[in-house]
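Report on the following structure.
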Amino acid sequence: MRAVVFDAVRSQPEVREVADPVAPPGGVVLRVMASGLCRSDWHAWAGHEEVALPHVPGHELAGVVAAVGPQVRRWSVGDRVTVPFVCACGRCEWCRGGQAQVCPDQQQPGFTHWGSFAERVALHAADTNLVALPQSVDFATAAALGCRFATAYRALAGRARVRPGEWVTVIGAGGVGLSAVMIGYALGARVIAVDRHPEALAAASAVGAEHTLLAGDVAAIPELTGGGGHVSVDAVGSEQTCAAAIHSLRRRGRHVQVGLLPPVGGHPRVPMDRVIGWELDVLGSHGMAAADYPEMLALIGQGRLEPQRLIERTVGLAEAAALLPGFDRATVAGMTMVDPSR
Ligand SMILES: [Zn+2]
Ligand SMILES: [Zn+2]
């Protein structure tokens, strides 16, 4: 098969003929129909995540089952599917309890093994991780759920349990943030988007933000919302944006931390005085289990959620290989989708 391969950290990826993957005993091989290009792929290429070399990136995918391992019960060749970006083991207490998103024994295509910037990809524990695509959801739309949209959905619907009419503040209108704005709006919330860039705020308005604020103007939120938002989302992941999000809340509000806050130079400071005094909930959110996808896919099938609107361009494998090294500086606001058949 053809795949995007890199041989060393920060070496130029190239498209090459490599051996076809083999289905693991409990897994499948998919023919990849669409794969999102994401900053996490760049992090793996740049050496921020340890991957075995040579490596094929790609973790936001949808496709058709092409081969099935002997222990797989639920899936057959020809099934149209997607997977969460973290694939769970299917055996541990968390998986058995329906919380596969925190499985301690996760496999991630594009990180723990070769990913989906290829014509085919192997996936583990298929009975736990595969998600059937309704006919109404095309492959690019499913791949656009990727890590960003699914994470935003889990944050708002699963963790914060956003209710219609609530005020939701989303800080950062990049991939995750725009997804959160669209999802908040679809759940019936009144969304305020905050970003440093006016273009990002214009994009947020287009997907459902009722108000948009430049980052310096977050102090206006309590007045806009009659005392603060019900829910805040930090989609950036810095000490400043986390604190701004928490301070935007009303008493008893819920904050969801989605942007990664790596403990660079110690753990970030969080305004716990406000958390305690106002009884705020501070929630973490990490991906989404396959079992939780059908609810989100139903909203997409009804046209209430349109992740495909976040796709800005579609490229082939060769262009994906060319784009990857500069992806941290990419200027496109929306998603880049890879079509391996191009
Ligand atoms: Zn598990
Ligand atoms: Zn991703």
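Read the numbers this way: they start at 1 and go in the same order the structure lists the ligands and their atoms. This chain uses plain numbering: 1 for the first residue, then up along the sequence.
In summary, the side chains of His255 and Asp234 do not present any donor paired with an acceptor at a separation below 3.5 Å, with no hydrogens or angles considered.
Distances from the Zn ion (ligand 2) to each N, O or S atom of His59 single out NE2 as the nearest. Glu60 contributes OE2 as its N, O or S atom closest to the Zn ion (ligand 2).
Aromatic ring centres of Trp42 and His48 lie closer together than 6.0 Å.
Salt bridge Asp281/Arg161: absent, no basic N to carboxylate O contact under 4.0 Å. A salt bridge is defined here as a Lys NZ or Arg NE, NH1 or NH2 lying under 4.0 Å from an Asp or Glu carboxylate O, and Glu319 with Arg313 fails to meet this definition.
Residue contacts to the Zn ion (ligand 2): Asp41 brings no N, O or S atom closer than 2.8 Å.
Around the Zn ion (ligand 1), the angle linking Cys89 (SG) with Cys103 (SG) is 100°, rounded to 10 degrees.
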